[in-house]
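Notes for the one structure printed next.
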Amino acid sequence: MTRVRDAWRTAWAWLDERLGLAAVGALAKKKDVPIHRHTIWYYLGGMTLFLFIVQLSTGALLLIYYRPSAEEAYESVQFLMAEVQFGWLVRSIHAWAANLMIFTLFLHLFSVLLLRSYAKPRELTWMSGMALLGLAMTFGFTGYLLPWNELAYFATRVGTQIIGVVPVVGEFLLRVLRGGDDVTGATLTRFYAIHVALLPATTLVLVGLHLYLVQRHGMSVPPSVQRASGPKRAMPFFPNFLLRDLVGWLTALAILAALAAYLPAELGTKADPFVSAPAGIKPEWYFMFMFQTLKYLPAHILFFEGEAVGIMAFGLAAVFLLVVPFVDRRTARGRPSPLFTAIGVAIIAYMLVLTYLGYTANPTK
Ligand code: HEM
């Protein structure tokens, strides 16, 4: 036993001399996490990070068999599902973890919004987070097409068509994304490049920045807790908080395995551009609130197409959210800002109601 311990010490000393591990250890020892009635929300960022790592690992495995062309994509996924040992499991976990990651991302965003964690000096943490949300949704949009099945094909046609109605840049964006006038094999290779190279690289850089900022500023204490009297408590990040994180991650893994086993990812039929679009084409659930909103808009609003007005409104809402830390002056001055709680709650309610309507109203349209 002592020999093992000695060997471990020697290895540690060797690595420490070269990598400066003691400094990292000292940093981990210094970091702590505030304890109060909202501490539970601090786990969501770590959960999102865990699911992102699951996506990177399962995505890398899928790449071994996937072939990015209109002729072979569908068949390569079919082969993976039917012939490759545990291929179905890896693909199903990738599909489920993508959905869970976007779900935890939204929860993380809204908890951070309602707890005012974006306040000075965390403006850039918030803004890098908003960019990460955009990247995650683009991951979902581009990944959806890759199996080249009927549903994905027509959903991508509708999705890119919607982007095409944006005034001035829409037409250009549509052609860049599609690689031509219609959704073809050229679109597939573009989406593939975006999904497996461009997005992972950009996301990794931004996650790095986000985590650096979290590390630099420490965890924020919500203003309402700060204003309350009473002792301020905290727990060490290492090992107390990290071990709790670990319990959450293992639970998430168990949930993912169960979902993948009982509800494996489907493949459907191969895309055929020459058949007419099947009824009830629907986007992924996280686009549903926008999709349904566009359906309710009239064909024309003043001089613009109704859909264009809708998309610009969503664009403006995203810009507003991006600059929230600068607009919310009351929080910046340490005062209560109920208006921003109301705005946050209104956005959540809007998204929930429109998503619900998207799945229940006119189910065949
Ligand atoms: C891939 C996406 C993301 C990852 C991996 C991630 C990860 C994390 C982690 C690990 C933390 C520290 C623990 C916590 O507070 O939960 C954190 C904090 C934070 N995140 Fe994110 N995050 C992501 C997206 C977002 C989004 C979409 C927003 C909001 C627009 C955001 C805003 C923040 C802020 C303001 C903090 C500081 C919280 C505080 O100090 O209390 N993040 N993030």
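Quick note: residue numbers are just sequence positions, from 1. Remember, it's 1-based here, ligands and their atoms both numbered in the order they're listed.
- Note: no N/O pair closer than 3.5 Å links Tyr43 and ligand 1 by distance alone.
- Leu105 CD1, 3.5 Å is the protein heavy atom nearest to atom 24 (C) of ligand 1.
- Grouped by direct or indirect side-chain proximity (heavy atoms under 4.5 Å, Ile/Leu/Val/Met/Phe/Trp/Tyr only), Val4 sits alone.
- Remark: side-chain polar atoms of Thr187 are not paired, donor with acceptor, to backbone N or O of Gly179 under 3.5 angstrom.
- Put simply, the side chain of Ile162 does not reach to within 4.5 Å of the side chain of Phe287, judged on heavy atoms.
- Each of the atoms 30 (C) of ligand 1 lies under 4.0 Å from some heavy atom of Met130.
- As a member of the Ile/Leu/Val/Met/Phe/Trp/Tyr network built from side-chain separations under 4.5 Å, Val205 groups with nothing else and remains a singleton.
- For ligand 1, the polar-atom distance check finds an N/O of Ser220 within less than 3.5 Å of one of the ligand's N/O atoms.
- In this structure the side chain of Pro273 never reaches within 4.5 angstrom of the side chain of Asp182, judged on heavy atoms.
- Ligand 1 has at least one atom lying under 4.0 Å from a heavy atom of Trp126.
- Looking only at distances, a side-chain donor or acceptor of Trp96 sits under 3.5 Å from a matching main-chain atom of Leu263.
- Close approach of ligand 1 to Met219 is summarised as follows: ligand atoms under 4.0 Å from at least one heavy atom of the residue are 13 (C), 14 (C), 15 (O), 39 (C), 40 (O), 41 (O).
- Counting the atoms of ligand 1 from 1 in the order shown, those under 4.0 Å from a heavy atom of Gly218 are 40 (O).
- Among all non-hydrogen protein atoms, the one lying nearest atom 38 (C) of ligand 1 is Ser117 CB, 3.8 Å.
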Next item on the list: Report the C-alpha separation of Arg178 and Thr156 in whole Å, then their side-chain angles, then the decisive distance to 0.1 Å, and conclude whether the side chain to side chain donor-acceptor pair (under 3.5 Å) test is met.
Entry: CA-CA 9 Å; Arg178 286 188 176 175; Thr156 305; over 6 Å; no
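- Counting only protein N, O or S atoms closer than 2.8 Å to atom 21 (Fe) of ligand 1 gives 2.
- Between His36 and Tyr42, the side chains place a donor N or O and an acceptor N or O closer than 3.5 Å (distance only, hydrogens not considered).
- Of all the listed residues (Phe139, Tyr42, Phe52), Tyr42 holds the heavy atom that lies closest to atom 13 (C) of ligand 1.
- Judged by distance alone, the side chain of Glu123 and the main-chain N or O of Tyr118 form no donor-acceptor pair under 3.5 Å.
- Atom numbering of ligand 1 starts at 1 in the shown order; those under 4.0 Å from a heavy atom of Arg122 are 40 (O).
- For the pair Met351 and Phe106, the minimum side-chain heavy-atom distance is below 4.5 Å.
- Ligand 1 has no N or O atom lying under 3.5 Å from any N or O atom of Tyr118, backbone or side chain.
- Close approach of ligand 1 to Gly46 (heavy-atom distance below 4.0 Å) involves ligand atoms 10 (C).
- If you number the atoms of ligand 1 from 1 as listed, the ones under 4.0 Å from a heavy atom of Leu211 come out as 9 (C), 10 (C).
- Residues Asn149 and Thr269 have side chains not in contact (no heavy-atom distance under 4.5 Å, counting atoms from C-beta outward).
- Listed by first and then second residue, the ring-ring contact (aromatic ring centres under 6.0 Å, His included) pairs that reach into residues 199-253 are Tyr43-Phe241, Phe50-Trp249, Phe237-Phe241, sequence neighbours excluded.
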